[in-house]
Structures are given as C-alpha cells and as structure tokens.
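Nothing here was measured: the structure is a model prediction, and the numbers come from that model. Each chain gets a letter, A, B and so on, in the order its sequence line appears, and its residues count up from 1. Side-chain atoms are counted along with the backbone in the values below, which use heavy atoms only and exclude waters and symmetry mates.
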Number of protein chains: 2
Amino acid sequence: MTHMPVAERRSRLLAAAFAVIARTGVSGATTRAIVEEAGMKLASFHYAFESREELMAELVNEVVETQEVVLEVATAADGSLVGTLEQGLLRYFDQVRQDPRRERAMFELTQYAMRSPAMEGFAARQYERYRRLAVQSLDEAATRTGHRWARPLDELAADLVALTDGITLAWLADGDDGRARRTIAFAARAIAAEASPGPERPATTAGTTRTTTRTIRTTRTIGTRGGAA
Amino acid sequence: MTHMPVAERRSRLLAAAFAVIARTGVSGATTRAIVEEAGMKLASFHYAFESREELMAELVNEVVETQEVVLEVATAADGSLVGTLEQGLLRYFDQVRQDPRRERAMFELTQYAMRSPAMEGFAARQYERYRRLAVQSLDEAATRTGHRWARPLDELAADLVALTDGITLAWLADGDDGRARRTIAFAARAIAAEASPGPERPATTAGTTRTTTRTIRTTRTIGTRGGAA
DNA sequence: ACGCAACTGGGACATCTGACCCACTTCTGA
DNA sequence: TCAGAAGTGGGTCAGATGTCCCAGTTGCGT
C-alpha cells in the first residue's frame, strides 16, 4: 500500500469497516477482515488506530453525524398533505430497498453501541438526529400544503420515526414490498390526521406541482463501498 | 452436574443461552459462557448439541414458537376503542420496561437469524407470528367496543406491529418513558381511526368494565432466567 | 447385584483474533 | 542531499473459542 496521510487512512478504514459490517455483521468485522476490505496490511490498522474499539467508536460517531438520511419532501400531485407524506415515505422506502444492507448495518451499529458502555448515549443521539430530520420534513410538508400540526412537532417526529423504523424492520425481515407500501399509506394517513387545515398557506402558485428536494447532508464518507444487494 | 435426560439438558442450555444473549449479546454467547450460565461442563454441551450452530438454530425456533408475547386486551373504562387500544399498548410497554434485555435479545436473535442462511425465513415467520397475535387483539378490541375494522385485519395487524416495533426500538435507545407513552397514544388513535362504528355490538352489560386477559401461549421455557435489569 | 448404556469431567488441539514489534522503505524539510 | 520522521510489511504472541477425546462414573433394567 502506498504512502498515505493518517487521516486518509483512518477514513478509508472506517469506510471499509462499514462495508464489512454491512456484509457480514459487526461480529464479522475483525481487524483482518477490515484491512483486507481496505486493501491494507494488518500493521497499518494499528498504525492508524489504537485498537479495534477505537475504530468502532469512531465509526459509530461518524455514522451518527454523517450518515446521509435523505428525507425528501415533494408536494404530491393533488397537493394534499396525506399524499405528500406518502410520497416522502415511499422515497425513503425506495432507498431502503436499494441498499438493505446499509440499513441492516445501521441497526446493528445502533445495537452494538447500546451494549458498549463506552458508547452510551450514542443510540439516544442517533434517534435525536432522526427526529430532527423528521421535524424538518414534517414542517416542510405542512407549510407546503397549508396545514398546521395540532401537536408539538417534536412529538409527531417521534411518531414518524417509530413508523419508519417499524416499516423498515418488518421489510428487512420479510421483504414484502406490498405490505410495506400499505403500511406506508397507513402511516401517511395517521400522521396527516394530526394536522388541521391551518392558516399558514404559503404563497404558492396553485396547480403547480413543485418538487423541492431536501437533502440534509451531502457528506458521504461512510458506506459508499457496499453496493446494493 | 447430576444426571439428566438429554431433552432436559437441551432445554436448560437453550434457556441459559437466551439468558447470556440477553446479558451480553449474541457475540457473547460462547459455548463456555452458556455452559457456565447453565452450571454445566463444556463436554455436556457437545453431548446435548452437535454444535453451537445447532443450538442457535434450535433457540431461534424455540423463540419463534414459544416466546410468550402477552397481548392483553382490556376494555377501557370509558369503553372506547381508542382507550382500549391504548390500554393494551401500555400493558405491552410495561412488559418491555420490566425486562428490556429480553426485548433486546429478541431483536438480536432476529438479526442473527436474518444473517444466517440456515435460518432463512425465521425472521419472516417471527413477524408473521407477531401479526397473528395482533390480529387476535385487534379483533377482540373491536368486538368488545362494538366496532368494525374498515380494512383487512391482516393489514392493520402489520401497521400495529410496525408501531410497537418502532416504539420499542426508540425506547430501548433513549429510555424516554414519556415519549414512548405519547407515541403509544398516537398509535392508539391511528389504529382506531381505521375502524368505523360497526353493527356487531356484543352482548355486554353496559357500564361493567370487564377485563379479560388473553395470553396466547403460556409455555415459557425460554428467557425465564434473565431477571429484570 | 450387576452389567451395559447413558452421561460426566478434565484436558487437549487447531484456529481465529486483537495486539504488537522491529527491520525496512519512502517522504520531507533543512 | 541527506538525516530523521512518517509509514509499511511480515512475523509473532497470548488469549479466546469451537470441537473433540477418552477415561471415569452414574443410573436403570433385569
């Protein structure tokens, strides 16, 4: 392996580790498997990281902060809130379908962190981030379609996260697309029911189906190596 | 260790394995850790099981079939459907709170099975079982409160399972009781919204708050050793 | 009581894994 | 240019882990 600054080496190892985890699970992410994935020698691992645990901690942090969670909100054709929410959820679902192993890896990392005393709080932060993203999407969806959330957005965000988690988990288990889509429709209905037609209709040209894509973070250092199944 | 028929030994080892997994995760469930938990010697392990993998497969099957999932349906004080559903969910949540490690172990086992080619289909069966239980609860709740589900019960069951999964996962991550309860209230509302006041009012003495407890399966061979946290 | 089959105990072995070491090579700054 | 720092490679080590073996012991049917 050619020369390379430590920082670069570290991030390559992190990416490799994520790829290995996606493929074989956390337990399969041995130092040897990771360096092989990265095309390095074992010694380089311990040159870049103090220990495997240090890498795992770093990975877990990286993942929390930089893992791209695309939450796209696109106004539905009919401009309804339900439709808008459903569209958004369907897009999220497409992402999951496109690369299930990434999702699995995320779940595993979360569980791994929950067990490691050193990474206590990681899981909580992870969910907080999910909620923050959900808040933004919900906010946008309501504004876009001229609605008003009847409950604190923070609470609704938690509800939405619970739904997406449940949908994802079930789909990972049985791979039933139809069922997932039906549950998504239900989820959209359920969330939309928590809004009331509000006074804050935005200045939008009626009839125009505007499609704004919101990507919260574009950094994508992790997980780009593991292609779709 | 005293003499003991193989069958007994096997089930003790399975219980021990579940306890270890609950405490330290699947990766910590080494043959040595398991036999220590069971108070046996290592050789007894391979006398009872061909290999660790055989035990894991057996465990996974046992768990699918016998793990007690208590789904209690109690008519709410006000006899409303929402209240009834919320009560049921709160009871489920209490169970999770009482022994979070069991829930974590279940999630881990599911993920483990999803990765093992030999146990393919286990996860799907697991979710099918969850759905079956949900169907029964929903059916009962509707009958009890004189409602009618507006969609196929099977679909609603999937929605309910997704919600409980999401709620459980989030709570395991952040341990926020209040949030969990708020999401439960939302879940109850969302599910109840899928019913319409139906014609099949049961013959119940009005005003009497009957509390029927339905336990689907009482066998509880697994997981009894790991006490609450 | 007694013989045989069921069962147990302790140790052994090959492999895997995280960590480490040290001689060697490559780069960089004076 | 050239010394020292940064980085690399291959081998090694101790501990953990799954599996196996075999001499001993226990219990049951006769």
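Between Leu163(A) and Phe186(B), some side-chain heavy-atom pair lies under the 4.5 Å cut-off.
Atom CE in Met56(B) sits about 12 Å away from atom P in dT19(D), given to the nearest Å. When the C1' atom of dA6(D) is taken as reference, atom CZ of Arg10(A) falls 16 Å away, rounded to whole Å. As rounded to whole Å, 15 Å separates atom P of dC20(D) from atom CZ of Phe49(B). Tyr47(A) has its OH atom 12 Å from the P atom of dA5(D), to the nearest Å.
Checking Gln126(B) against Tyr130(B) by side-chain atom types alone, a donor-acceptor pair falls below 3.5 Å. Between the side chains of Tyr92(B) and Thr168(B), a donor-acceptor pair is found at a separation under 3.5 Å.
Arg132(B) has a carboxylate O that lies under 4.0 Å from a charged side-chain N of Glu128(B), or vice versa, which qualifies the two as a salt bridge. For Arg115(A) and Glu108(B), the salt-bridge test passes: some basic side-chain N is under 4.0 Å from an acidic carboxylate O.
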Worksheet, complete the sentence: Protein-proximity profile, nucleotides 13-30 of chain C, B/S/- by nucleotide at the 4.0 Å heavy-atom cutoff, equals ----BBB-B----B----
List, one per line, each side-chain donor-acceptor pair under 3.5 Å for residues 24-36 of chain A, sequence neighbours excluded.
{"from": "Thr24(A)", "atom 1": "OG1", "to": "Val20(A)", "atom 2": "O", "distance (Å)": "3.0"}
{"from": "Thr30(A)", "atom 1": "OG1", "to": "Ala33(A)", "atom 2": "N", "distance (Å)": "3.0"}

